[in-house]
Amino acid sequence: MTTFFNEALKKRRSIYSLGKDLPQKNAEIVEIIKEAIKESPSAFNSQSVKAVITFGASSDAIWDITADILETQVPKEAFAKTKEKLASFAAGQGTILFYTDTAIVKGLQDKFPLYAQNFPIWAEQALGGAQQAVWTALAQEGIGASLQHYNPLIDDALAAKFDVPTSWQLRGQMPFGSIKQEAQAKDYLADEERFKIFE
């Protein structure tokens, strides 16, 4: 089982060349995402990770909105490259918006003041765990994805577009779809630079 799990982790790569020709139905993909998030751990079982799952025109709107906002922020001579990158995300089947529910974090801070400063950190840990779980689960099904971070520039516009609760803080965007081009080889730090082992 450990070998199987590690092999699953190795499949999780950043895929930037995406398409829309997945064999799975949207409903099947939604279930994969929902289960991965639900089964991910969170401190005090806070379940602070929330998600907006989009397909088709709704997914396209995310990247159109992002492009419109970035056009006002990125130097004109560099925007063509930025727009091309955003188009590669829109080329996929859909996009997941990952959120942290700050109301849950605040509630835990109030309930357990001794640990108040740690709850935002623990919420980020829960978020990372959920993102890796979703990403790996999608990879296991042959679905490519990457994790993007255009927040906070796009937060307000996407909150309005998707009627997002005010307590939800946008933490990342994950475009996904069929894999048009595999990821390049991954470099790893030497083990001696990364691990200390004592027996």
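Between atom CD of residue Gln47 and atom CD1 of residue Ile37 there is a gap of 11.5 Å, rounded to the nearest 0.5 Å. Distance check: Asp163 CG to Trp168 CH2 gives 10.0 Å after rounding to the nearest 0.5 Å. Atoms OH and CD, on Tyr150 and Gln173 in that order, are 8.0 Å from each other to the nearest 0.5 Å. We find the CG-OG distance between Asp101 and Ser42 to be 11.5 Å, quoted to the nearest 0.5 Å. Between Arg171 atom CZ and Asp155 atom CG the span is 8.5 Å, to the nearest 0.5 Å. Atom NZ of Lys11 is separated from atom CG of Asn6 by 13.0 Å, given to the nearest 0.5 angstrom.
In plain terms, the two heavy atoms of Gln131 and Leu147 that are nearest each other are OE1-CD2, 3.5 Å. The minimum heavy-atom distance between Glu141 and Gln24, with the atom names listed, is O-NE2, 2.9 Å. Nearest heavy-atom pair across Ala61 and Lys161 is CB-CE, 3.8 Å. Counting all heavy atoms, side chain and backbone alike, Gly129 lies closest to Ser40 at O-OG, 3.8 Å. When all heavy atoms of Ile179 and Gly142 are compared, the pair lying nearest together is CD1-O, 3.8 Å. Residues Ala103 and Ser167 share a closest heavy-atom pair of CB-CB, 3.7 Å.
Remark: Phe44 CZ is packed, more than 12 non-hydrogen atoms of other residues, nucleotides or ligands lying under 6.0 Å away. Within a 6.0 Å radius of CG in Asn26, more than 12 heavy atoms belonging to other residues, nucleotides or ligands are found. Around the CD atom of Glu28, the shell of radius 6.0 Å holds more than 12 heavy atoms that belong to other residues, nucleotides or ligands. Enclosure of atom NZ in Lys111 is not indicated, since only 12 or fewer non-hydrogen atoms of other residues, nucleotides or ligands lie within 6.0 angstrom.
Using a 4.5 Å cut-off between side-chain heavy atoms of Ile, Leu, Val, Met, Phe, Trp and Tyr, with links allowed through other members, Ile53 and Ile143 fall into the same hydrophobic cluster. Residue Tyr16 is not grouped with residue Leu18 when hydrophobic side chains (ILVMFWY) are merged at heavy-atom distances under 4.5 angstrom, including chains of intermediate members. Ile197 and Leu189 sit in two unconnected hydrophobic clusters of ILVMFWY residues. Membership requires side-chain heavy atoms under 4.5 Å apart, directly or through other members. Under the 4.5 Å side-chain heavy-atom criterion for grouping Ile, Leu, Val, Met, Phe, Trp and Tyr, Ile104 is not connected to Phe98 through any hydrophobic cluster. Under a hydrophobic-cluster definition in which Ile, Leu, Val, Met, Phe, Trp and Tyr are linked whenever side-chain heavy atoms come within less than 4.5 Å, directly or via other members, Phe89 and Ile154 are assigned to the same cluster.
Counting only heavy atoms from C-beta outward, the side chains of Val164 and Leu158 never approach each other to under 4.5 Å. Taking 4.5 Å as the limit, every side-chain heavy atom of Tyr99 sits out of range of all side-chain heavy atoms of Pro165.
Checking side-chain atoms of Lys20 against main-chain N and O of Gly92 turns up a donor-acceptor pair under 3.5 Å. Looking at Gln93, its side chain never comes within 3.5 Å of a backbone N or O of Gly177 through a donor-acceptor pair. Side-chain N or O atoms of Thr54 include one that pairs as donor or acceptor with a backbone N or O of Thr95 at under 3.5 Å. Ser146 contributes no side-chain N or O that, together with a main-chain N or O of Ser14, makes up a donor-acceptor pair within less than 3.5 Å. Between the side chain of Thr136 and the backbone N or O of Gln132 there is at least one donor-acceptor pair closer than 3.5 Å.
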Worksheet item: Yes or no on side chain to side chain contact (heavy atoms under 4.5 Å, CB included) for Thr102 and Gln109, after CA distance, side-chain angles and deciding distance?
Response: CA-CA 10 Å; Thr102 60; Gln109 288 177 310; over 6 Å; no
Practice prompt. List the steps and the verdict of side chain to side chain contact (heavy atoms under 4.5 Å, CB included) for Lys186 and Lys10.
Written response: CA-CA 10 Å; Lys186 184 176 179 179; Lys10 289 177 184 177; over 6 Å; no
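Taking Phe55 as the reference, Phe176 meet the ring-ring contact (aromatic ring centres under 6.0 Å, His included) condition, with sequence neighbours excluded.
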Which atom pairs, one a donor and one an acceptor, fall under 3.5 Å between side chains of residues 65-85 and the rest of the protein, sequence neighbours left out?
{"from": "Thr66", "atom 1": "OG1", "to": "Ile62", "atom 2": "O", "distance (Å)": "2.7"}
{"from": "Thr72", "atom 1": "OG1", "to": "Ile69", "atom 2": "O", "distance (Å)": "2.6"}
{"from": "Thr82", "atom 1": "OG1", "to": "Ala78", "atom 2": "O", "distance (Å)": "3.4"}

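A salt bridge does not link Glu182 with Arg13: none of the charged nitrogens is closer than 4.0 Å to a carboxylate oxygen.
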